[in-house]
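Working notes, beginning with the structure itself.
Protein chains get the first letters and strands the later ones, always in sequence-line order, with residue 1 at the start of each.
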Amino acid sequence: MNSFFLTTPIYYVNAKPHLGHAYTTIVADAVIRFHKMLGEDTFFLTGTDEHGDKIMRAAEQQGRSPQEFVDEISASFHDLWPLLGIRHDRFIRTTDLEHRRAVQAFLQRVYDAGDIYFGEFGGHYCYGCERFYTEKELENGLCPQHKTRLEFISEKNYFFKMSRYLPWLKDHIEKHENFIRPHRYRTEVLAMLESGELEDLCISRPKTRLQWGIELPFDNAYVCYVWFDALINYISALGWPNGPDCASRWPGEHLVAKDILKPHAVFWPTMLKAAGLPVYRHLNVHGYWLVRDTKMSKSLGNVIDPLETGRRFGLDAFRYFLLREMRFGEDASFSEDALISRINADLANDLGNLFSRVLSMAAKYFASRVPEPSVLMREDEAVAELCLHSLQNFIQLFGNAQFDTALESLWETVRALNKYVDSQAPWALHKRGDTARLATVMHMLLTAMRKTALCLWPAMPDAAGRMLEQLGSPAAGNAPPVYDLQRESGAFDGLAPGTIVAETSNIFPRIDVKREPSGNVKKAKN
RNA sequence: CGCGGGGUGGAGCAGUUCGGCAGCUCGUCGGGCUCAUAACCCGAAGGUCCCAGGUUCAAAUCCUGGCCCCGCAACCA
């Protein structure tokens, strides 16, 4: 059995989870479910990143210990995912003992191989920003943020010989078209590599400045730089260096947002190379959700709470919206208007109504039993062909991280089925008493709907499960998959005549909106 | 000239690799159907494809120059 390992980033615990975190994790959950349906042995990792300056300061401000502080925020992430219908296999924290041990083992290995050296590092240090500035970055010798005169500090630190692996990395990216996707981020990384600005990576912080981190195994006066620590979670979670899972599941693939492209596209592969480990299979990079054209931020007060939104509009509808609305890789804007529009147009009108009208006719004309089809006509064959084609497209696109386009391709079938209902007019066939033809049409519709429901399971597990149940098939559930998507896309079958289906369906209710003079959209009260 | 992405009917986007009648969803307007969740189906209106120049039988697409927006270069998915 093929194994499929996917990670989200480990989220930095300086704030509570928002829409962005939810998006990444929901996409990951959908991808994992998709691979389950392809019959693969999946492993889904998420977690929290808990070391570094910022955490230390945030904890101090609240007068608490860093550990106490990170415990609380980490729990808010950990507890959120099940409420959003997400089933991860492992939740890692960088403060976990086994992670800390793995980081030290990794450091030691790279150190022993001669790729970590002790060197002098000088720069203009700003205590406000807690970072060094280069001569070029200063504005008239002042910190660009704080406008204060900076001290030149010279400090000894440990460096990872990253530069040594950059030519290899460039070559690898050039040879593997889909290593970093979508393409625009691949282009960006290649530009980074060609700019010649990348140097060796400073991977230590002296304890005199920072204690909240993992101690270097070869020098206890220093702690490890957060990124070097954090990235290793992707293998420490598998039990690296000695756990059996690591050998069977690594290399996996990663899902990240564009802001952390560089650490994942440059630091991490070179780190793996230096440690003699295989590099990951794919880095999937997505954009930002904007709210009224700007980035979400606490100070603007436009942070979207995923749990509240999910509960208000329905978890599955919310998941569908996130996957469908954002072109993977690009930024997208979030608004309740857009969400309601997707729910009504795509889910209620197109899909839900199709489901409802077909089941209702099946009840009326065949007492809710799947009828035996007779001779197929040209338009029936066209529908079957379109449906299978759409399934195959879906599999290809979803597997290539084009979730929006994948779902769009499914809707081609949904729309075609609505047209097919109209053009075949089962009610007219019924009136005319053409039972053979009526049976064929209904069988086509029910079969196509079942296929569609299968593809929807990764995006909307609960709704798709109910659709399948209403079609007399077992729900997919969270158990090992009972469906093989690849096989299902090869033949227009799966619904045996005689199967009992539901009499009616209301899985995707319409949201009634009332437009006020101001243009605001309000949820109407029933 | 730091790097990257983008500017296409009212809104959101595809199309640009490799030039060939400007396409999709939403919204608006008109019609149809009566199986269905005021849904569904058909049709229509609506575009100087950011600007200027160039190449070409032909440019959203290629070339040159310019304008505007966004992101990265700093630990917010």
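A distance of about 23 Å separates the C1' atoms of B/rU48 and B/rA44, rounded to the whole Å. Taking atom P on both nucleotides, B/rU16 is separated from B/rG5 by 16 Å, rounded to a whole Å. Comparing the P positions of B/rG12 and B/rG27 gives an interatomic distance of 15 Å, to the nearest angstrom. The gap from the C1' atom of B/rC3 to that of B/rA22 amounts to 33 Å, rounded to the nearest Å. For the P atom pair drawn from B/rC29 and B/rG20, the interatomic distance equals 36 Å after rounding to whole Å. Only the P atoms considered, B/rG15 is 13 Å distant from B/rC62, to the nearest whole Å. Remark: the separation of the P atoms in B/rU25 and B/rA14 is 15 Å, to the nearest Å. Taking atom C1' in both B/rG6 and B/rC26, one finds a spacing of 22 Å when rounded to whole Å.
In this entry the distance linking CG of A/Leu84 with C1' of B/rA77 reads 14 Å, nearest Å. Taking atom CG of A/Leu397 as the reference point, atom P of B/rA14 lies 15 Å away to the nearest angstrom. If you take OH of A/Tyr288 and P of B/rC69, they are 21 Å apart, rounded to a whole angstrom. The separation between A/Glu194 atom CD and B/rG4 atom C1' is 13 Å, rounded to whole Å. Computed from coordinates, the A/Ile55 CD1 to B/rC76 C1' distance equals 11 Å when rounded to whole Å. In this structure, the CG atom of A/Asp259 is 9 Å from the C1' atom of B/rC75, given to the nearest Å. Atom CD of A/Glu325 is separated from atom C1' of B/rC13 by 10 Å (rounded to the nearest Å). One can place CG of A/Asp337 at 16 Å from C1' of B/rU25, the figure rounded to the nearest angstrom.
Interatomic distance, NZ of A/Lys419 versus CG of A/Leu386, reported as 10.5 Å (0.5 Å rounding). Rounding to the nearest 0.5 angstrom, the gap separating the CD atom in A/Glu330 from the NZ atom in A/Lys258 is 8.5 Å. A distance of 10.5 Å separates OG1 of A/Thr440 from CD of A/Glu379, quoted to the nearest 0.5 Å.
A 3.5 Å limit on both hydrogen-bonding distances identifies B/rC70 as the Watson-Crick or G-U partner of B/rG4. Nucleotide B/rG19 forms a pair with no other nucleotide shown, judged by Watson-Crick or G-U wobble geometry with both contacts under 3.5 Å. Using N1 to N3 plus N6-O4 or O6-N4 for Watson-Crick, or N1-O2 and O6-N3 for G-U wobble, each under 3.5 Å, B/rA36 pairs with nothing. Look at B/rG30: its Watson-Crick or wobble partner, with both distances under 3.5 angstrom, is B/rC42. In a base pair of the Watson-Crick type (N1 to N3 plus N6-O4 or O6-N4) or a G-U wobble (N1-O2 and O6-N3), with each distance short of 3.5 Å, B/rC62 is matched with B/rG54. In this structure, B/rA11 forms a base pair with B/rU25, meeting either the Watson-Crick or the G-U wobble geometry with both donor-acceptor distances under 3.5 Å.
Between A/Phe328 and A/Phe403, the ring-plane angle classifies as perpendicular under the 30° and 60° cut-offs. Below 30°, between 30° and 60°, or above 60°: for A/Tyr11 and A/Phe77 the angle between ring planes is below 30°, a parallel geometry. Ring geometry for A/His254 versus A/Tyr234: interplanar angle of 30 to 60°, hence tilted.
Among the nucleotides B/rG5, B/rA77, B/rA14, the one closest to the side chain of A/Thr187 is B/rG5. In the set B/rC75, B/rC70, B/rA77, the nucleotide with an atom closest to the side chain of A/Asp331 is B/rC70.
Each of A/Glu408 and A/Ile10 was matched to the nucleotide of RNA chain B holding its nearest heavy atom; the match closer to the 5' end belongs to A/Glu408. The residue among A/Ala191 and A/Asp49 whose nearest nucleotide of RNA chain B lies closer to the 5′ end is A/Ala191.
A/Gln424 and A/Arg437 share a donor-acceptor pair across their side chains, judged by distance under 3.5 Å alone. Side-chain contact of A/Thr94 with A/Asp229: a donor-acceptor pair under 3.5 Å is absent, judged by distance alone.
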Protein heavy-atom contacts under 4.0 Å, written 5' to 3' over nucleotides 35-42 of chain B as B (base), S (sugar-phosphate only) or - (none), form the string BBB-SBSS
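Within 6.0 Å of NE2 on A/His183 lie more than 12 heavy atoms contributed by other residues, nucleotides or ligands.
For A/Tyr12 and B/rC76, a side-chain-to-base donor-acceptor distance below 3.5 Å is absent, hydrogens and geometry of angles not being considered.
Residue contacts shown for A/Ile260 are limited to sugar-phosphate atoms, with no base heavy atom under 4.0 Å away.
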